[in-house]
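Here is the structure we will look at, set down as structure tokens.
The residues of the chain are indexed from 1 along the displayed sequence. In this text, all values refer to a predicted model and were calculated from it rather than measured experimentally.
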Amino acid sequence: MKKLTQISTALLIAGLGFSVSTSAKVTIFAAASMTDALKQVATEYAKQNPENEVVFSFASSSTLAKQIEEGAPADIFVSASNKWMKYLSGKDLTVKETEKVLAGNELVLIAPIKSAVDSVEISKGEWVNALKDSYLSVGDPAHVPAGQYAEEALTKLNLWDKVKDRLARAKDVRGALALVERAETPYGIVYSTDAKISQKVKTVGVFPTDSYKSVVYPMAILKDHDNANSRDFLQYLDSDAAKKVLESYGFSVK
């Protein structure tokens, strides 16, 4: 009897040890422009929840949405536009009650830090004429939200026809940023937050806010991934602590 008790105790201790060492993982698929801010949010979250691991996959919102549609194991989706959140929601791939706007952003024109140009009046379009034989760096308007916002703004300002054949189309907004950082293009269109995190570019113009739809970042838990860990991190994203981090990177929050 004593021996059985010892065995039972040993098994209980082993079981407790396994329970304590097991960590939960939450996988976030998020827009590339959110890279630095969300990594910082996750770092702050880990200080309070060391047992929960948060991992990310950053890319164009359209790319991530298609991957989720094909069954990629994401728990939470953070998009750079309502379009791709609605796309997944329409296919019944989100937990609709959790859909909410996380933050906002704005569109800017950037140039390499060593450029002789410090400021341009975007609506006048003289900067477009200065492109000459060079290219304008943008996220590919065919699928990248930043590029789609850019196309909308340039169309509203009657500049799209002048630049549509002079585009360096990147796979996401960070790709567009990188081209300007390397001075491979004289100008690029990115979010203000992308310009802020780079020491190799400068903002030379801000697009009129009435020239494109408001840039918003909706977030939601994905279908079949609605669990305590996903709910906990989503709730943290909506906390004052997370909003403070997002604001420090230049995002607007409510």
With heavy-atom distances below 4.5 Å as the criterion, would you say the side chains of [X] and [Y] are in contact?
{"X": "Tyr217", "Y": "Phe251", "value": "yes"}
{"X": "Ile110", "Y": "Thr203", "value": "yes"}
{"X": "Leu237", "Y": "Tyr45", "value": "no"}
{"X": "Leu131", "Y": "Tyr187", "value": "yes"}
{"X": "Thr193", "Y": "Asp36", "value": "no"}
{"X": "Leu246", "Y": "Met34", "value": "yes"}
{"X": "Phe207", "Y": "Ile189", "value": "yes"}
{"X": "Val41", "Y": "Tyr236", "value": "yes"}

Query raised in the report: So, does Ser230 use its side chain to make a donor-acceptor pair with the main chain of His225 at under 3.5 Å?
Result: yes
Query raised in the report: Can you check whether Val253's main-chain N or O pairs, donor with acceptor, with Glu247's side chain at less than 3.5 Å?
Result: no
What pair of heavy atoms forms the shortest contact from [X] to [Y], and how long is it?
{"X": "Val180", "Y": "Ala111", "value": "CG1-C, 3.5 Å"}
{"X": "Leu136", "Y": "Leu109", "value": "CD1-CD1, 4.2 Å"}
{"X": "Val190", "Y": "Ala176", "value": "CG1-CB, 4.3 Å"}
{"X": "Ser60", "Y": "Pro145", "value": "OG-CD, 3.9 Å"}
{"X": "Ser33", "Y": "Val173", "value": "CB-CG1, 3.7 Å"}
{"X": "Leu107", "Y": "Ala153", "value": "CD2-CB, 4.3 Å"}

Query raised in the report: Is a salt bridge present between Lys96 and Glu99, judged by a nitrogen-to-oxygen distance below 4.0 Å?
Result: no
Run the side-chain donor-acceptor check on residues 155-165: report pairs under 3.5 Å with partners two or more places apart or on a different chain.
{"unit_1": "Thr155", "atom_1": "OG1", "unit_2": "Glu151", "atom_2": "O", "d": "2.7"}
{"unit_1": "Lys156", "atom_1": "NZ", "unit_2": "Asp210", "atom_2": "O", "d": "2.9"}

Report task. For Lys66 and Tyr87, test the side chains for any donor-to-acceptor distance below 3.5 angstrom and give the result as yes or no. Result -> yes
Query - Test item: side-chain donor near acceptor, Gln148 and Ser81, under 3.5 Å - result: no
Applying side-chain contact (heavy atoms from CB on, under 4.5 Å), name anything that partners [X], two or more places apart in sequence or on another chain.
{"X": "Thr209", "value": "none"}
{"X": "Lys244", "value": "none"}
{"X": "Thr35", "value": "Lys39, Phe58, Arg174"}
{"X": "Leu93", "value": "Glu69, Leu88, Lys91"}

Show me the side-chain donor-acceptor pairs of residues 115-128 shorter than 3.5 Å, one per line, residues at least two apart or across chains.
{"unit_1": "Ser115", "atom_1": "OG", "unit_2": "Val117", "atom_2": "N", "d": "3.1"}
{"unit_1": "Asp118", "atom_1": "OD1", "unit_2": "Lys202", "atom_2": "NZ", "d": "2.6"}
{"unit_1": "Trp127", "atom_1": "NE1", "unit_2": "Ile122", "atom_2": "O", "d": "3.1"}

Query raised in the report: Do Val101 and Leu234 share a hydrophobic cluster (ILVMFWY, side-chain heavy atoms under 4.5 Å, transitive)?
Result: no
Query raised in the report: What about Ile221 and Phe56, same hydrophobic cluster or not, with Ile/Leu/Val/Met/Phe/Trp/Tyr joined at side-chain heavy-atom distances under 4.5 Å?
Result: yes
Requested in this report: Check the pair Ile76 / Val26 against side chain to side chain contact (heavy atoms under 4.5 Å, CB included), numbers first and verdict last.
Outcome: CA-CA 8 Å; Ile76 294 172; Val26 180; 4.1 Å; yes
Query raised in the report: Quick one: salt bridge (Lys or Arg N to Asp or Glu O under 4.0 Å) partners of Lys86, sequence neighbours excluded?
Result: none
Query raised in the report: Residues in salt bridge (Lys or Arg N to Asp or Glu O under 4.0 Å) with Glu181, at least two apart?
Result: none
**Report entry** Pairwise side-chain hydrogen bond (donor to acceptor under 3.5 Å, both in side chains) hits with a residue in residues 131-145, at least two apart
**Finding:** Ser62-His143, Asp140-Arg169
Query - Non-neighbouring partners of Thr63 that pass side chain to side chain donor-acceptor pair (under 3.5 Å), sequence neighbours left out - result: none
Query raised in the report: Remaining members of Leu179's ILVMFWY cluster at a side-chain heavy-atom cut-off under 4.5 Å?
Result: none
Query raised in the report: Can you pull the salt bridge (charged side-chain N to carboxylate O under 4.0 Å, His left out) pairs that have at least one residue in residues 224-239, sequence neighbours excluded?
Result: Glu97-Arg231, Lys100-Asp238, Asp226-Arg231, Asp238-Lys243
